[in-house]
Amino acid sequence: MAKKPTIYKNYINGEWVTSATRKTFANVNPADTDDVLGHFQDSDERDVNAAVAAAKAAFRRWRLVPAPKRAELVMKLGLWLMENKERLAHDATREMGKILTETRGDVQEGIDMALFMAGEGRRMYGETTPSELPNKFAMAVRQPIGVCALITPWNFPMAIPTWKMMPALVCGNTVVIKPATLTPLTVWNLIRGAEEVGFPKGVVNYVTGSGRRVGNPLCEHPDVALVSFTGSTDVGRQINLACAKDFKRVGLEMGGKNAVIVMDDAELDLAVDGVLWGAFGTTGQRCTATSRCLVQKGIYKKFLDALVKRAKALKVGNGLDESVEMGPAVDESQLKTDLEYIAIGKKEGAKLLCGGKRLAGKSYGKGFFLEPTIFADVKPSMRIFKEEIFGPILSVVPFKTFEEGIALQNDCAYGLSGSIYTQDVNKAFAAMRDVQTGLFYVNAPTIGAENHLPFGGVKQTGNGHREGGKEALDLFSEWKAVYVDFSGSLQRAQIDTDSIVKVE
Ligand code: UN1
């Protein structure tokens with residue numbers, strides 16, 4: 001008899017609870033749909049209300065816990081992730097498909113963020129500055145904001161929740177996290193860790209379910225002070241509009257259509273390695289993925305030949321097999337989108353050099369596998385040049401001059417990541433200055449941001465906030481300017497300043 005799948009619960013006010021709906025949804029392995037990881041609560045507004053109430057009550061106490069002590073728990077959670085890394089990576093590969101090497105990296109990002117933010121608990125620097133009046137002290141300090149709703153994606157099921165949760169908690173906020181419906185187990189694991197290391201009840205809450213029934217009421221809830229979201233530009237826009245009514249603070253991390261410029265003088269093998277990893281790593285399912293490759297005419301053919309050869313040789317399959325280099329699309333709907341864009345690319349007249357087909361048959365079992373796909377001679381007017389696909393599909397475009405390459409890079413609605421391969425330091429610096437993105441790489445792929453630097457994009461990728469780095473604190477805290485007048489008399493700023501300077 002088949003083993004009964006585990007039922008996972010919500011975590012509200014320090015208790016594991018079933019949803020008011022009494023309904024659940026299944027979490028399925030995209031490499032093998034017979035592999036059901038478990039059933040998760042299909043929650044609704046009632047569960048959201050309970051979680052927000054718990055977070056609101058906990059905030060009263062948590063904000064008064066000294067930041068270094070809050071940070072100590074964050075550090076313990078980071079160490080817990082370190083101890084459990086292999087198991088957590090295994091679960092993440094099963095639930096979203098990317099290969100084990102990459103899910104280990106995903107958990108590692110969580111560890112890095114926890115340890116970095118734990119350090120911030122003993123910094124979280126404010127400012128002191130002289131007052132314009134005598135016997136008066138002036139400073140600016142960071143204050144927590146309140147209940148934060150964290151809405152997280154499936155492609156980095158561990159890293160991105162930690163990018164939001166760790167700074168939020170160190171700053172003294174409490175959180176309600178809603179993971180993507182495709183990856184609730186990895187976040188469940190993170191919450192189990194938070195429980196184990198001893199976060200006080202109500203500080204961390206977890207509610208699973210759909211965007212419509214859980215995400216929307218979270219964004220609309222009057223006691224939620226901040227929403228941090230990573231996902232599609234369409235959903236981000238809706239969240240921004242929903243939050244605008246009450247002037248909620250919103251951090252948005254959305255789409256990308258990242259390009260690599262390969263100059264004639266690039267080191268060929270290095271550029272091929274970088275583009276291959278950027279385009280097909282994580283099955284192209286990163287916001288930072290390389291989906292456009294702009295190649296100078298002199299190296300175009302040679303580069304494409306080498307790239308196509310390598311792409312054809314990539315081993316696609318179940319990410320749990322250590323020899324596999326690329327996992328499946330995350331679900332049927334993403335695979336459908338990928339195939340639709342391949343059809344669009346062909347119809348638009350781009351040249352399909354490799355891939356383009358679903359991989360089916362015995363060795364692929366019941367999984368959503370797609371061949372690594374490369375289109376050449378893509379034109380900037382084509383949809384495959386402009387629109388985010390989120391799959392293993394690369395559009396390659398030839399260009400003549402450096403200026404043309406930069407113009408093509410910037411011919412994009414998004415602005416997350418960019419890269420240039422060149423041996424010319426002057427070109428590298430000019431590109432670094434002129435490419436309109438929030439992340440930029442020289443002689444390295446568009447993916448691979450490190451956690452202690454600010455992460456985020458310009459244009460339609462974001463709304464100006466950054467995750468990662470000490471800059472993440474700016475989203476999760478509010479500045480308060482504090483003045484202490486110890487003169488014992490009324491001193492009027494801007495008015496009593498005239499008579500101060502008396503040189504005897
Ligand atoms: C994402 O795809 O949303 O820079 C995050 C990178 C990773 C994070 C990607 N460190 O590619």
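Order of appearance sets the numbers: ligands from 1, and atoms from 1 within every ligand. Computed from a prediction, not measured in an experiment: that's the story for all the values here. Quick note: numbers below take in every heavy atom, side chains included, and nothing from hydrogens, waters or symmetry partners.
- Contacts of E450 with ligand 1, taken as heavy-atom pairs under 4.0 Å, are absent altogether.
- Nearest protein heavy-atom contact of atom 4 (O) of ligand 1 is A449 N, 2.7 Å.
- The proximity of T230 to ligand 1, defined as any non-hydrogen pair under 4.0 Å, does not occur for either the backbone or the side chain.
- The distance criterion of under 3.5 Å between nitrogen or oxygen atoms is not met by Y441 with respect to ligand 1.
- Every atom of ligand 1 is numbered from 1 in the order shown, and the set under 4.0 Å from a heavy atom of I160 is 3 (O).
- Between H452 and F116, the ring planes lie tilted relative to each other; the angle falls in the 30° to 60° range.
- Against a heavy-atom cut-off of under 4.0 Å, E109 is close to the following atoms of ligand 1: 7 (C), 8 (C), 10 (N).
- Side-chain contact of E387 with Y341: a donor-acceptor pair under 3.5 Å is present, judged by distance alone.
- Among the atoms of T288, some N or O lies under 3.5 angstrom from an N or O of ligand 1.
- T290 and T446 are linked by a side-chain donor-acceptor pair at a separation below 3.5 angstrom, with hydrogens and angles left out of the test.
- Considering only heavy atoms from C-beta on, E325 stays 4.5 Å or farther from V316 through its side chain.
- Residue contact check: R286 has heavy atoms under 4.0 Å from atoms 2 (O), 6 (C), 7 (C), 11 (O) of ligand 1.
- Remark: side-chain polar atoms of T93 are not paired, donor with acceptor, to backbone N or O of H90 under 3.5 angstrom.
- Using a 4.0 Å cut-off between heavy atoms, W163 contacts ligand 1 through its side chain alone, with no backbone atom that close.
- Nearest protein heavy-atom contact of atom 9 (C) of ligand 1 is F156 CE1, 3.6 Å.
- E388 and S291 are not linked by any side-chain donor-acceptor pair at a separation below 3.5 angstrom, with hydrogens and angles left out of the test.
- With a 4.0 Å heavy-atom cut-off, ligand 1 is reached by no atom of T282.
- A donor-acceptor contact under 3.5 angstrom links the side chains of E109 and W163, judged on distance only.
- Near G448, meaning under 4.0 Å from one of its heavy atoms, ligand 1 places the atoms 4 (O), 6 (C), 11 (O).
- Scanning the protein heavy atoms around atom 2 (O) of ligand 1, the nearest turns out to be C287 N, 2.8 Å.
- For the pair R310 and W277, the cation-pi criterion (under 6.0 Å, within 45° of the ring axis) is not fulfilled.
- The shortest N or O to N or O distance between I447 and ligand 1 is not under 3.5 Å.
- For ligand 1 and N155, the ligand atoms under 4.0 Å from any heavy atom of the residue are 1 (C), 2 (O), 3 (O).
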List the steps, then state whether side chain to side chain donor-acceptor pair (under 3.5 Å) holds for E95 with N27.
-> CA-CA 7 Å; E95 81 169 343; N27 182 11; 2.6 Å; yes
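- Looking only at atom types and distance, the side chain of S210 has no donor-acceptor partner in the side chain of D42 under 3.5 Å away.
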